Amino acid sequence: MLFTEPRFLAFFALAFAVHWGLRSDVWRKRWLLVCSYVFYGAWDWRFLFLILGSTVIDYVAARRLERARDGGRPTRPWLVLSLVANLGILGFFKYCNFFATSGAALLSWLGLPVGDVTLQIVLPVGISFFTFQTMSYSIDVYRGHLRAERNFWDFALFVGFFPQLVAGPIVRAIDFLPQLAQSKRWRAVRFQPALWLFLIGFIKKACIADGIAPTVDAVYGDPAAYNAASMWIATAFYAIQIYCDFSGYSDMAIACARLFGYELRLNFNHPYFARDITDFWRRWHISLSGWLRDYLYIPLGGNRGSRLFTHRNLMLTMLLGGLWHGAGWNFVVWGALHGTALVLHKEWMRWRGANAARVPFLSQLSMLAVVLTAWIFFRATSFSDAFLIVRGCWTWNAPGTEAVDPRLALLLLPLALAHAMAAWPTALRHLQRVPAPVATLGLGALTAMALLFVPIADRPFIYFQF
Amino acid sequence: MTTRTNPRADARPLALQALGHVLCFGVGLLGVSRLIHDYDWRGLYSDVTLEKVQHLIESDEQYDTLFVGSSRMYAGVIPATFDAEMADQGLPTHSFNAADCAMGMHEANALLRDLCERMPNPPKRVVVELHWWDPVFRAENHRTTRAVGWHSLGETLSVLRSIALPIDAQDPAPDFAGKITLVQDHLRCLVGNLFRVGQGVRILKQLWSPSPSTNGVYPEELERGYCELGKTNRWGRRARNRFVSPEGQAEYADLVETAKHWDRSQKGFNIAAFKRQADYLQSRGIDLIYMVAPTVESKPGYGDLEIIRRRVPVLVYDQPLDVPEYFATENRFDTRHLNRSGGVSFSRRLAADCAREWGNTARTGSRPDQPSAR
């Protein structure tokens with residue numbers, strides 16, 4: 001069930017109406033849990049057992065861990081149990097075939113050919129998100145940052161809360177569990193800003209990302225047929241597509257959560273307007289980069305050591321971050337490119353000191369160059385295609401002659417509008433002063449205009465596969 | 001002293017407020033959609049239909065008779081021949097063939113309503129090719145903008161009713177799951193039409209360069225909407241080649257034999273849709289005739305025709321035993337369509353039968369077992 005599908009609208013309307021129709025907060029939470037499981041089960045009901053299993057393991061492990069600490073017994077085994085279970089689930093479903101095929105390729109290269117080693121495994125939707133969520137919970141309880149949740153149903157809702165279940169943002173228990181303890185009041189919810197946010201997310205995903213996807217698919221499907229300008233256009237379009245697809249989903253998820261009275265953290269903050277590559281990672285997929293920082297980079301030692309040690313930690317974090325996105329070497333290369341750029345940027349900052357930010361335009365341009373080049377590896381279907389496009393873009397030497405229509409850039413107008421609205425605080429303040437009925441009328445009018453640009457065919461969110 | 005609050009009383013203004021917002025949202029949504037719809041009314045017609053519609057609206061010629069239907073009508077009725085025969089019969093007409101390939105009853109109905117609204121001088125008489133009110137999308141039309149185009153609210157409700165009826169004419173008839181899929185597809189088309197979903201880029205292009213994107217077949221190549229297959233039309237040559245081949249001829253002979261023995265008792269017409277169409281046209285003073293085209297590939301069935309005949313004359317020409325001349329190879333372009341000589345002959349016959357029906361005050365219509373003779 002996609003947020004952009006009509007059946008989601010019906011599902012959400014029912015969930016919303018019953019939620020606010022119930023008097024008791026306890027029943028509201030139970031109802032949201034039922035809705036979340038129905039939402040997840042709509043993909044494949046068999047994976048409900050997986051999410052339930054993950055929930056039970058982490059609930060029990062955290063409770064036992066806390067009890068062990070209170071009793072003065074070792075707590076680490078319970079943390080290890082939680083991590084092994086979560087990483088085991090993730091490893092089996094997401095990386096099993098990747099490691100098997102990579103191992104087989106290595107053996108074959110060494111002259112020891114093996115047969116087909118892949119298993120028929122279906123990747124459960126959103127597995128990377130909910131396993132990271134539950135791991136962060138166990139780690140926070142282990143570190144003593146958080147008390148273990150006593151109410152199993154509340155914990156299950158934290159893991160399965162449907163707005164963010166399948167494609168984030170990755171919610172921290174420390175942010176979400178306290179919200180479950182608060183009473184939800186209809187009057188406290190600001191519906192109109194939430195609906196506007198949902199509409200903006202919808203426009204990003206359905207109008208922009210899905211609208212430009214066919215152009216990207218055409219060029220990346222057969223890059224040898226296209227000229228260099230088309231490769232640039234397709235790569236820029238992909239950068240916009242993946243941003244609009246993912247941040248659009250995040251906006252809709254945050255908006256849906258708000259309509260139920262819950263707050264989720266911001267996941268994107270205009271990343272392509274970042275000053276440099278380090279700033280880019282403060283603005284892109286904030287919930288993942290924060291997770292990697294707090295639960296991987298800092299435990300590895302962070303920057304509390306020599307420069308080489310810091311760079312190693314940075315590279316490892318980015319490589320694993322790349323691998324988190326998908327079980328493929330292209331994602332590892334994507335992570336490596338970003339890791340290298342971050343290391344070089346750190347060195348540049350150290351070398352230039354206060355003068356480093358003298359030319360912000362050049363800094364932004366180099367950030368965009370790195371990000372776009374890295375997206376080529378992220379999107380291309382093979383390394384040979386990726387290198388072909390990189391060569392075509394950077395040497396203006398592409399083998400093909402076909403060209404995409406440059407007028408397609410018109411499709412970016414709605415994005416510019418949405419971006420300008422979001423980035424212009426005065427406009428938002430003006431918008432808040434508009435009488436509520438007029439704003440609602442405008443919401444309806446903008447929805448009608450957005451529908452004009454929704455492609456007829458449904459296209460799943462890119463980040464569902466991660 | 002404590003004040004007691006009644007939660008129900010608290011909830012009432014909130015509910016009214018929410019309702020008010022829903023209404024405002026609806027007004028904004030539907031209002032803008034309506035404006036876009038009105039601006040883009042041409043948007044979802046096929047190229048050929050659009051050219052015909054534009055001609056009918058903009059031309060100074062005052063057509064009083066229209067033919068609406070599928071390619072069998074498009075390639076079977078020659079307006080000039082029809083008018084000449086009508087004049088001979090003492091009922092002069094000035095007709096136009098508004099049919100288009102693969103146009104079913106629902107699309108034809110939507111087209112007729114649009115023409116009645118937009119033509120400066122609406123027609124006085126209409127001949128509609130009779131089919132089932134077929135709820136199954138034709139393969140070539142499925143999920144095209146053209147299929148979306150006729151899905152007004154009324155037409156969608158009508159097609160949903162057709163789905164609820166037994167769909168005998170389909171082979172194989174859709175099962176329950178198939179019907180659910182059909183319902184979803186039609187609802188999707190309704191939403192697509194109401195809100196012009198996905199049409200933004202095309203509309204922007206039109207704003208950018210307002211010249212209509214048509215295929216240029218009208219009016220130079222067409223004779224008041226008639227299309228001679230093989231001469232002006234780009235499609236159909238493969239069917240023609242197949243038809244004239246020895247295997248094609250044997251196949252056609254088999255089809256004609258089968259048609260002679262069709263089961264004429266099939267029921268399941270969407271009678272309500274016929275009544276709605278008849279009511280609409282008659283309320284505008286338009287005389288309506290239904291015509292079953294001479295073809296061996298349609299199975300309209302006759303179980304319910306008597307009910308239709310009580311309201312509207314029905315002329316039936318799909319029985320090879322009754323009208324063998326239209327099934328003779330020399331009068332056919334292929335198994336489905338007449339060629340020009342067949343079209344000339346058929347247009348005369350149709351004119352004579354229409355003149356009789358329109359000339360009669362009591363409309364009885366011809367019977368399938370007793371085709372009207374000149």
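All values below come from the heavy atoms of this structure, side chains included, with hydrogens, waters and symmetry mates left out. Note that the structure is a prediction, hence the values are computed from the model and not measured. Residue numbers start from 1 in every chain, and the chains themselves are labelled A, B, ... in the order their sequence lines are given, proteins ahead of strands.
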Problem - Heavy-atom side-chain proximity of A:Thr447 to B:Phe25 below 4.5 angstrom - result: yes
Problem - Atom CZ of A:Arg190 with >12 non-hydrogen neighbours under 6.0 angstrom - result: no
Fill in the blank from the handout: Honestly, the part of B:Leu35 sitting under 4.5 Å from a heavy atom of chain A is neither
Fill in the blank from the handout: When every non-hydrogen atom of A:Ala448 is compared with those of B:Ser33, the smallest separation belongs to CB-OG, 3.6 Å
Fill in the blank from the handout: Heavy-atom closest pair (B:Val197 atom, A:Val454 atom, distance to 0.1 Å) is CG1-O, 3.4 Å
Practice task
Please indicate whether B:Trp41 has more than 12 foreign heavy atoms, meaning atoms of other residues, nucleotides or ligands, lying under 6.0 Å from its CH2.
Solution key: yes
Problem - Closest non-hydrogen atom pair, B:His21 against A:Ala436 - result: CE1-CB, 3.6 Å
Handout entry: Straight-line distance of A:Leu452 CG to B:Arg202 CZ, nearest 0.5 Å
Key = 9.5 Å
